There are 2 protein chains.
Amino acid sequence: METSPRRQPTLDEVAARAGVSRTAASRVINNVPHVSAAKRAAVERAVRELGYVPNPTARALATRRAGSVVLAVSSEEPGLFADPFFAEVTVGVSSFLDRTDLELVLLLADTPRGKERLRRILSSHRTDGLMLMAVRGDDPLGRLAEETDLPVVFGGLPMTGTPRWYVDADNRGGARLAVEHLVRDGRRNLAMITGQVDLQAAVAREQGFREALLLTGLTPAGVAPGGFTQAGGEAAMERLLADRPDIDGVFAANDDMALGALRALRRHGRRVPEDVAVVGFDDLASALYADPPLTTVHQPVRALGLELARMLAAVIEGQDPSPLVLPTRLTVRESAPPVSG
Amino acid sequence: METSPRRQPTLDEVAARAGVSRTAASRVINNVPHVSAAKRAAVERAVRELGYVPNPTARALATRRAGSVVLAVSSEEPGLFADPFFAEVTVGVSSFLDRTDLELVLLLADTPRGKERLRRILSSHRTDGLMLMAVRGDDPLGRLAEETDLPVVFGGLPMTGTPRWYVDADNRGGARLAVEHLVRDGRRNLAMITGQVDLQAAVAREQGFREALLLTGLTPAGVAPGGFTQAGGEAAMERLLADRPDIDGVFAANDDMALGALRALRRHGRRVPEDVAVVGFDDLASALYADPPLTTVHQPVRALGLELARMLAAVIEGQDPSPLVLPTRLTVRESAPPVSG
DNA sequence: CTGGCAATTGGAAGCGCTTCCAGCTTTCGC
DNA sequence: GCGAAAGCTGGAAGCGCTTCCAATTGCCAG
């Protein structure tokens, strides 16, 4: 049984033990040619015997590559990351990085200090690249991120313009799917519960809603903001009902608000879907838990994270990948059932 | 308007500009004494003018401190991190680290490569410390983590023994609360839906369940494993009902399984809570969404993350903090309403 | 004024690794 | 067999920062 050494062995010790130069040892470690098979074997043996693990910090300093990327969630509300959406994105990001040698640094920039950190990251080369999410309209980070020479890939579009690299879901198209489904079901008095106006995704979903209605010649029976929260959705539904009791279909810009709407509808004695059909957006776990289970626009959240990481890796390697808009589709459940016949 | 320089300014350039030695400049940057006020001011000015940001990699190499900690989730199922539980923990961890200068590296060790990475982290000093979560019974990482000289703090106990540093929730106590609540409500035929037997938290919750029953002189009406998933909980409930149709109270080791149980009960025409009362464990968002809203054992997940990070930071600073067991409490909702009178 | 002590100062030696470069050894076509 | 192309090799120069240590300076009591 070998006692683990107090101090990590260094490349020099490996080289000494293998009887080669440090240069040769380094070449073996990094799988670079120009090393004879004999020396290669000797080094590999020494590595094994010593339990050598390269020091990533030293390597980073010498290569000027950090070996890590940052996933930053810039938000005003502390704990936004607790939203399952981000957890799912993170899983996707991680699943891609797993194949690479990049580490994932998570930065929840929801405090002044956090924002300051993010700013420093943009101006120091402490990392190889940045994935930036949840940038709101008035967030100066959007612009800053454009100016740096650090590779930055956006998850979801910022409102400040179209960045060079981003991955987004087809929010507008998804919203249209929702409306079309409701209309096909014979619903004519459609209302929408929207999210924050300073989030591009919320705006796009509202646009899609309005577009689709226009296309079918209908007018919105109401549009109320719900702030992307369950409570907000509930309150919005209250207002909509008060204004137009004849609403027979509701599209909420996310599932949480749809759940709130369900609650409000139930309290008002409206049956779902008989009296009012409800469609959400996201298709995360809660949509399935809902009563009745929620028909909702599915966006491929995990894939979004994976593509985000893939794109960033490509940019880091000097490529110039095209932006990506992932398709959304409708997951039909009971809150707005399939149109029979 | 200053054009951002292609290359980051270095400490040498700052020193040169300020007309001092590099040593002095370093002292100013690090707020170390032994620098005259005049030089200090000069350096600070140069820093400002050059937009100097220290290179963390170089600093790490020189100080032999990485400036980062790793939060690792070791699991067999890819995507376990998508469970809102971990997102919540992460928010807590991040909220503590926000006050420090430590970066958060996230490692989702749910693949062979991921596990290998984790192993390397344990044996290389690429990071200053590790928070380890979701270690299962047969996971060799538990033992490995004990042997390294890297500071390791456990989130939740591993099954392989009691580590020196950990933060856990009072799972046993929480389970007892659940049982006591049900018994006080007059329920006599209590069943439990358990989680994986190789997760300490699941075991502790089952222990608490059995203990509490013993204390009240009752015998379990059934115990069925549900694998911590909604579908598993549903199936478990089916089996329990088939075996003992007279069950009038169910305790599920987490909320997801409780939701599954609700579904099964509904299908079998059992009213909740009139016929059967249901209590879950976790008190995450889904408990609130449930129909009826779920009475559940609340564990302070975010606080757990925060304390995890705080403890690790303490260990890194050379202290020897005591393990921490955070209290759980019952959140009473409709699936097992308060006992009137 | 002067000795002595404390506070400042900066040169230099690393931290552990990569990589340029110049010198050597093989190998092979002819 | 010979010259040159094609690999090997390892010395040495960094990557940008911290910190030990010896030397210098400043200050005050005697």
Side-chain angles (χ1 to χ4, degrees), chain A residues 5-44 46-47 50-68 101 103 120 123-128, chain B residues 5-44 46-47 50-68 101 120-121 123-128:
Chain A
R6 267 288 135 251
R7 212 174 53 79
Q8 287 295 310
T10 73
L11 188 56
D12 276 313
E13 297 172 44
V14 171
R17 176 156 195 143
V20 304
S21 72
R22 187 194 344 180
T23 308
S26 172
R27 291 206 179 97
V28 173
I29 304 289
N30 294 299
N31 234 341
V32 167
H34 305 304
V35 182
S36 67
K39 296 211 176 208
R40 191 170 290 274
V43 171
E44 275 163 359
V47 164
L50 260 41
Y52 170 76
V53 176
N55 179 321
T57 306
R59 194 201 296 254
L61 184 59
T63 59
R64 299 141 150 288
R65 274 168 148 269
S68 70
D101 284 317
E103 307 249 85
R120 283 176 88 99
S123 65
S124 85
H125 273 174
R126 77 193 309 147
T127 190
D128 294 329
Chain B
R6 268 286 135 252
R7 213 175 53 79
Q8 287 295 310
T10 73
L11 189 56
D12 275 315
E13 297 171 44
V14 170
R17 175 154 195 147
V20 305
S21 71
R22 187 197 341 185
T23 308
S26 172
R27 291 207 179 96
V28 173
I29 303 290
N30 295 298
N31 233 338
V32 167
H34 304 304
V35 182
S36 66
K39 298 212 173 201
R40 191 169 290 275
V43 171
E44 277 162 358
V47 164
L50 259 42
Y52 171 75
V53 177
N55 179 320
T57 306
R59 192 200 298 252
L61 185 59
T63 58
R64 299 143 151 288
R65 275 168 148 267
S68 70
D101 284 317
R120 284 174 88 98
I121 282 178
S123 65
S124 83
H125 272 174
R126 77 194 307 147
T127 190
D128 294 330

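Remember, it's a predicted structure, so these values are computed and weren't measured experimentally. Chain A is the first sequence line, chain B the second, and so forth, proteins listed ahead of strands; every chain is numbered from 1.
- Residue B/S21 has a polar side-chain atom (N or O) positioned under 4.0 Å from OP1 or OP2 of C/dG10.
- Rounding to the nearest 0.5 Å gives a distance of 10.0 Å between CD of B/Q8 and CG of B/L50.
- Of all heavy-atom pairs spanning A/A25 and A/A15, the tightest one is CB-CB, 4.0 Å.
- No donor-acceptor distance shorter than 3.5 angstrom exists from the side chain of A/D128 to the backbone of A/R65, with no hydrogens or angles considered.
- Atom CG in A/L11 sits about 13 Å away from atom C1' in D/dG10, given to the nearest Å.
- Among residues at least two apart or in separate chains, salt bridge (Lys or Arg N to Asp or Glu O under 4.0 Å) pairs with a member in residues 15-41 of chain A are A/D12-A/R22, A/R17-A/E49.
- Position along DNA chain C of the nearest nucleotide to B/G19 versus B/A58 favours B/G19 as the more 5'-ward residue.
- Remark on DNA chain C: of its neighbouring residues A/L61 and B/V20, the 5'-side contact belongs to B/V20, judged by nearest-heavy-atom nucleotide.
- Between B/A18 and B/A46, the closest heavy-atom pair is CB-CB, 4.0 Å.
- Atom C1' of nucleotide C/dG11 and atom CG of B/D12 are separated by 12 Å, given to the nearest angstrom.
- We find the OG1-CD distance between B/T127 and A/E103 to be 8.0 Å, quoted to the nearest 0.5 Å.
- Rounded to whole Å, the distance from CG on B/N31 to C1' on D/dT18 is 15 Å.
- Counting to the nearest Å, the P atom of C/dG16 and the CG atom of A/L50 are 14 Å from each other.
- Straight-line distance from the NZ atom of A/K39 to the C1' atom of D/dT9: 6 Å, rounded to whole Å.
- Going from atom CD1 of B/I29 over to atom C1' of D/dG16 covers 12 Å, rounded to whole Å.
- For the helix from C/dC1-D/dG30 to C/dC30-D/dG1, the terminal axes (five pairs an end, C1' atoms, rotation from four pairs onto the next four) enclose an angle of 30°, given to 10 degrees.
- Nearest heavy-atom pair, A/Y52 versus A/L11, reported as atom, atom and distance to 0.1 Å: CE1-N, 3.6 Å.
- Spacing between atom CZ of B/R65 and atom P of D/dC17 amounts to 18 Å, rounded to whole angstrom units.
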Report all interatomic pairs (protein N or O, nucleotide N or O of nucleotides 19-25 of chain C) with separations under 3.5 Å.
residue: C/dT19; atom: O4; partner: A/T23; partner atom: OG1; Å: 3.2

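- In this structure, CZ of A/R59 is placed 8 Å from C1' of C/dC17, rounded to the nearest angstrom.
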N/O donor to acceptor pairs below 3.5 angstrom from side-chain atoms of residues 54-61 of chain B, sequence neighbours left out:
residue: B/N55; atom: OD1; partner: B/T57; partner atom: N; Å: 2.8
residue: B/N55; atom: OD1; partner: B/A58; partner atom: N; Å: 3.0
residue: B/R59; atom: NH1; partner: B/N30; partner atom: OD1; Å: 2.7

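- Residues forming a side chain to side chain donor-acceptor pair (under 3.5 Å) with B/T23 (at least two apart in sequence, or on another chain): none.
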